[in-house]
Amino acid sequence: MLLIASKKTLLSWSSGKDSAYALQLLQKDPGIELLGLFTTINQKFERVAMHAVRLDLLKKQAYQIGLPLEIIEIPNPCSKEKYEVIMQGFIERCKFNKVEAIAFGDLYLEDVRSYREQQMQDSGIDCLFPCWGINTTEFSKSIIDLGIKAKISCLDPRFLDDSLAGHEYNKGFLEKLPITVDPCGENGEFHTFVYDSPSFAEPIRIQKGVTLKRDKFVFTDWVQRD
């Protein structure tokens, strides 16, 4: 019988729930050999871009998953040109390491998908979108039912009340969302930090830090608890 080699794949890891779900799908796919994770971080603040998750918690996630993590530092501020130079360097490293595919947790934003595919054009590396096209109402329920546990780490107060900052991503949270807000926050309404998942060896023990408003967003700090 002819055996087809699994595709050597990296996962773009945002530290949030969609990435955690994508990870589950990739781990169950016999056609995927998951090599590791990569994440862009704000170099100045040492936090995950937009999600604002601390670097030590990001590393703890990778440790619990049991996969190597490549951290891509993005200066603050950073021009589009500088960002693309940094990411092109990452793609070149992927090619050198024989990576065959990069997976993303995007759900339906065509412009985001097109941009990612454009970045990978002529690289010989495929773009995978394992969560693409899943109805976000059903997807949000599946995340919770699967046992992915997350906290709100960032929200846009133009769309959500400040009182939801730091809330558990659960059915109670979904019930409080305005009808105009995507239940997965795909339009940037909110971002999450996953502290437990079926992919984790153990939950990450965390406690809530300060909540503050910066650059028009409301951020809730999560810290590791001893």
Side-chain angles (χ1 to χ4, degrees), residues 3-133 154 186 188 191-194 197 199:
L3 295 178
I4 300 175
S6 298
K7 186 168 291 189
K8 299 180 184 300
T9 303
L10 292 178
L11 171 62
S12 175
W13 179 261
S14 70
S15 74
K17 58 184 176 36
D18 298 349
S19 291
Y21 195 92
L23 175 62
Q24 283 282 294
L25 296 180
L26 294 171
Q27 288 177 322
K28 294 177 180 179
D29 189 335
I32 297 295
E33 180 186 351
L34 200 54
L35 301 179
L37 315 170
F38 70 94
T39 307
T40 57
I41 69 161
N42 185 308
Q43 187 179 46
K44 179 179 179 181
F45 296 105
E46 294 191 328
R47 291 175 183 261
V48 178
M50 282 312 301
H51 290 243
V53 172
R54 289 172 177 257
L55 182 56
D56 65 322
L57 287 177
L58 171 66
K59 291 178 177 179
K60 191 69 174 180
Q61 286 180 320
Y63 175 80
Q64 293 299 340
I65 293 167
L67 285 174
L69 167 70
E70 177 164 357
I71 294 169
I72 304 172
E73 296 185 342
I74 306 297
N76 180 40
C78 183
S79 66
K80 179 182 178 183
E81 291 75 17
K82 178 63 175 177
Y83 174 80
E84 291 182 348
V85 168
I86 292 171
M87 295 310 296
Q88 189 58 45
F90 167 67
I91 292 169
E92 291 300 319
R93 292 194 298 277
C94 289
K95 290 165 62 177
F96 179 80
N97 291 318
K98 310 298 183 185
V99 173
E100 298 173 292
I102 293 179
F104 301 92
D106 302 300
L107 302 177
Y108 62 74
L109 296 179
E110 292 285 355
D111 57 336
V112 174
R113 177 169 179 158
S114 295
Y115 178 73
R116 299 198 193 284
E117 291 174 334
Q118 184 179 358
Q119 281 190 306
M120 304 303 296
Q121 193 173 8
D122 301 324
S123 69
I125 299 174
D126 293 336
C127 284
L128 304 180
F129 300 89
C131 303
W132 189 261
C154 171
E186 182 69 352
H191 300 284
T192 59
F193 163 67
V194 171
S197 164
S199 298

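Here, residue 1 is the first one in the sequence, and each next residue gets the next number.
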So salt bridge (Lys or Arg N to Asp or Glu O under 4.0 Å) across residues 117-127, not counting sequence neighbours, yields K7-D126, R113-E117
Of all heavy-atom pairs linking K59 and L69, the shortest is CA-CD2, 4.2 Å
Residues pairing under salt bridge (Lys or Arg N to Asp or Glu O under 4.0 Å) where one sits in residues 10-29, two or more places apart or in two chains, turn out to be none
Rounded to the nearest 0.5 angstrom, the NZ-CZ distance for K60 and R54 is 15.0 Å
For L35 and V99, the nearest pair of non-hydrogen atoms, with its separation, is CD1-CG2, 4.1 Å
For residues 92-116, the ring-ring contact (aromatic ring centres under 6.0 Å, His included) pairs (sequence neighbours left out) are F104-F129
Nearest heavy-atom approach of L55 to I41 is CD1-CD1, 4.2 Å
Separation between CG (L57) and CD (Q64), nearest 0.5 Å, reads 11.0 Å
Sequence neighbours excluded, the answer for salt bridge (charged side-chain N to carboxylate O under 4.0 Å, His left out) partners of E92 is K95
L109 meets the side chain to side chain contact (heavy atoms under 4.5 Å, CB included) criterion, sequence neighbours left out, with D111, V112, E186, N187
By side chain to side chain contact (heavy atoms under 4.5 Å, CB included), M50 pairs with (sequence neighbours left out) C154, H191, F217
Looking only at heavy atoms, the pair that brings G16 and V194 closest together is C-CG2, 3.4 Å
ring-ring contact (aromatic ring centres under 6.0 Å, His included) pairs touching residues 53-79, sequence neighbours excluded, are none
dist L58:CG -> T39:OG1 (nearest 0.5 Å) comes out at 4.5 Å
So W13 and L23, do their side chains get closer than 4.5 Å, heavy atoms only?
yes
query = Has the side chain of S19 got a donor or acceptor atom that lies under 3.5 Å from a matching backbone atom of S14?
reply = yes
Check your understanding: Do L128 and I32 come close enough that some side-chain heavy atom pair is under 4.5 Å?
Key -> yes
Sequence neighbours excluded, the answer for ring pair (Phe, Tyr, Trp, His ring centres under 6.0 Å) partners of F90 is F38
So salt bridge (Lys or Arg N to Asp or Glu O under 4.0 Å) across residues 97-106, not counting sequence neighbours, yields D106-R116
Sorted by chain and residue number, the side chain to side chain contact (heavy atoms under 4.5 Å, CB included) partners of A22 (sequence neighbours excluded) come out as L11, P130, C131
Between I91 and S123 the two heavy atoms that sit nearest each other are CG2-CB, 3.9 Å
Kindly list each side-chain donor-acceptor pair under 3.5 angstrom involving residues 70-79, sequence neighbours excluded, with atom names and distances?
{"residue": "E70", "atom": "OE2", "partner": "R93", "partner atom": "NE", "Å": "2.9"}
{"residue": "E70", "atom": "OE2", "partner": "R93", "partner atom": "NH2", "Å": "2.6"}
{"residue": "E73", "atom": "OE1", "partner": "Q43", "partner atom": "NE2", "Å": "2.9"}
{"residue": "S79", "atom": "OG", "partner": "K82", "partner atom": "N", "Å": "3.0"}

Here the salt bridge (Lys or Arg N to Asp or Glu O under 4.0 Å) pairs for residues 31-47, sequence neighbours left out, are K8-E33, R47-D221
